[in-house]
Amino acid sequence: MLQFYNYLLEKQGIRINTLETIHTLLHPTFQLAVRDEIIRKNPTDGVMGEVKKSSGETTGVRHALTIEQQRAFMEHIANHPVYYHWWPLFTILLGTGCRIGEALGLRWDDLDYDRRIISINHSLVYYPVGENRTSVMHISKPKTKAGERTIPMLDSVKDAFEMLYEEQKENGWSDVEIDGMHGFIFCNRFGNVPNPQSVNRTIKRIIADYNAGEEIAAKKEHREPVLLPDFSAHHLRHTFCTRLCEKETNLKIIQSVMGHKDIQTTMDIYAEATEEKKQESFERLAATLDVF
């Protein structure tokens, strides 16, 4: 499978971001085949990481939002007359580091308010099937033991869950059933569990709306605008991990919370997250030391 990906990249001229889109379709498909015991192992596991490493795509690339960008994104959603109802989902993504499929697949039974923990034991996968390419949702179990984990529940995340609970209590509980599972937390206006593509499309609309307004406001106030970069739900996971790395030094704790199979993934993000902090530390040090 690695050879196939490299063939698409090198011989067919397909870009990394397009290859990632192909991967998001292939990986869950093979994972279902593993679940149904059609094949023993998912041949796409870890392939994108190897492709990026060999092509040098990961070098010097910043995936996380800055604190300023993160704050601007969330404040814009909270105060927007159209997008405000997305606040709970994005709060949960930024406050847990869940993969988008893990977050959308959460059920009320996965929450333990007494112990303040969230149980991550499955993921929602969504992909087209058949000749008419109709999109179908399925439940996928974590491919490794690292993926099955618990995440502490922050106060803001708890508030988001309680907000969603009150909404469903008032508007009616979700009756969606996927592969025998029910009681899903997230529900769109059609009564269905949202799919990852719709979340990413919403992010892009929010970014465009925010940037347009910020450019006008910055011009009026004679300042540089704080613009949001193009990003997806996966970048919110990376942003959470970066904030965690900035506060926590124990890599095993970070790996456990994030569900990283390979500690090297955790180490790479930690190194990226702490590089800027290292620079800030030396700038503060320079301000207190007179060495000349």
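Every value quoted in this text rests on a predicted model; they were computed, and no experiment measured them. Below, each value reflects all heavy atoms present in this structure, side chains not excepted, and no hydrogens, waters or symmetry copies.
Between E224 and K219, no side-chain nitrogen of the basic residue sits less than 4.0 Å from a carboxylate oxygen of the acidic one, so the salt-bridge criterion is not met. No salt bridge links D155 with K158; every basic N to acidic carboxylate O contact stays at or beyond 4.0 Å. Comment: K141 does not engage D179 in a salt bridge, judged by the lack of any side-chain N to carboxylate O separation of less than 4.0 angstrom. A salt bridge is defined here as a Lys NZ or Arg NE, NH1 or NH2 lying under 4.0 Å from an Asp or Glu carboxylate O, and R71 with E68 fails to meet this definition.
Between Y83 and H80, the ring planes are tilted. Angles from 30° to 60° get that label.
Residues passing the salt bridge (Lys or Arg N to Asp or Glu O under 4.0 Å) test with D230, sequence neighbours excluded: K204.
The neighbour count for R116 CZ, taken as heavy atoms of other residues, nucleotides or ligands under 6.0 Å away, is above 12. In M267, the CE atom is not crowded: 12 or fewer heavy atoms of neighbouring residues, nucleotides or ligands sit closer than 6.0 Å. Enclosure of atom NE2 in H182 is not indicated, since only 12 or fewer non-hydrogen atoms of other residues, nucleotides or ligands lie within 6.0 angstrom. More than 12 heavy atoms of other residues, nucleotides or ligands shown are found within 6.0 angstrom of CD on E177.
Note that CD of E166 and CG of N171 are 11.0 Å apart. Values are rounded to the nearest 0.5 Å.
Looking only at distances, a side-chain donor or acceptor of E214 sits under 3.5 Å from a matching main-chain atom of V226. Between the side chain of T202 and the backbone N or O of S198 there is at least one donor-acceptor pair closer than 3.5 Å. The backbone N or O of N250 lies less than 3.5 Å from a partner atom in the side chain of E248, making a donor-acceptor pair.
No option in L94, L93, I67 other than L94 meets the side-chain contact (heavy atoms from CB on, under 4.5 Å) test with T239.
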